[in-house]
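Everything on this sheet refers to the single structure shown next.
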Amino acid sequence: MKRVAVLISGRGSNLGALIAAQDASYRVILVISNVEGAAGLDKAQTAGIATLVIPHTGKTREAFDAEVDGALRAAGAELVVLAGFMRILSDGFVRGWEGKLINIHPSLLPAYRGTRVHERVIEAGDVLSGASVHFVVPELDAGPVIARATVPVHPDDTPQALAERVLVVELKLYPEALKLLATDKVALKNGLAVFTA
Ligand code: GRF
């Protein structure tokens with residue numbers, strides 16, 4: 001059973017899904033938020049999971065990341081899951097957790113890295129969007145993809161309507177992808193996501 005820490009900044013719907021889907025392969029042992037009062041913290045506390053608020057304000061990126069890293073090591077985290085964590089992590093932090101650090105992004109990566117994803121998908125007239133779980137590498141949203149799920153884009157979609165449709169598939173996709181990693185069915189090797197049966 002892998003000990004998983006989840007990093008959040010906000011409402012924590014992905015966190016909730018990850019907690020609900022826990023099985024013999026992983027356990028969420030710690031939730032860290034950089035934002036005090038993030039709704040996701042309540043979800044963790046209700047589930048009896050340890051929480052920590054580490055504000056990023058007034059600190060260098062490296063100092064903040066070192067604090068987070070220290071808390072993760074102290075808790076004995078084996079895997080680190082970013083779930084709506086709105087901070088860019090330093091190269092040093094990312095390298096320190098190489099192959100053990102994953103993120104979910106609300107697009108079909110490698111398309112639409114970064115922010116304003118749904119706006120850009122609609123502006124482009126795409127008929128398909130979705131979500132991707134990927135290993136985190138120093139370049140933003142550029143890591144090898146572990147799993148994707150698709151949703152249709154409707155002609156009259158607003159960014160919010162599309163975001164809600166994508167979120168539904170995220171909540172199923174993220175636990176599935178985490179279980180692949182927790183059971184060593186996927187690993188980061190030479191910059192690629194390598195799958196075994
Ligand atoms: C999700 O759409 C995720 O893809 C993006 O941020 C959102 C987080 O939502 N990275 P929540 O905090 O899990 O509710």
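Whatever order the structure lists them in is the order used to number ligands and atoms, beginning at 1.
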Protein contact of [atom] - nearest heavy atom, named by residue and atom, plus distance:
atom                    : value
atom 1 (C) of ligand 1  : E170 OE1, 3.1 Å
atom 13 (O) of ligand 1 : N14 N, 2.8 Å
atom 12 (O) of ligand 1 : G12 N, 2.9 Å
atom 7 (C) of ligand 1  : R11 NH2, 4.0 Å

Problem - Student check: side-chain heavy atoms of V186 and F135 closer than 4.5 Å - result: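 Counting from C-beta outward, V186 and F135 do come under 4.5 Å.
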Exercise for the section: Would you check whether I104 reaches within less than 4.0 Å of ligand 1, judged by its heavy atoms? Expected result: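 For ligand 1, residue contact (heavy atoms, under 4.0 Å) with I104 is present.
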Check ligand 1 against [X] and write out every atom of the ligand that is under 4.0 Å from a heavy-atom position of the residue.
X    : result
G84  : 6 (O), 8 (C)
S13  : 11 (P), 12 (O), 13 (O), 14 (O)
P106 : 4 (O)

Problem - Passing option when I8 is tested against I32, V35, V31 for side-chain contact (heavy atoms from CB on, under 4.5 Å) - result: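 It is V31; the other options fail the test.
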Sidechain-backbone polar pair: [X] side chain, [Y] backbone, donor-acceptor under 3.5 Å:
X    : Y    : result
K59  : E67  : no
S132 : L109 : yes
H105 : Y112 : yes

Practice task
Check whether the side chains of E62 and S90 place a donor and an acceptor atom closer than 3.5 Å, and report yes or no.
Solution key: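 The answer is no; no qualifying pair exists.
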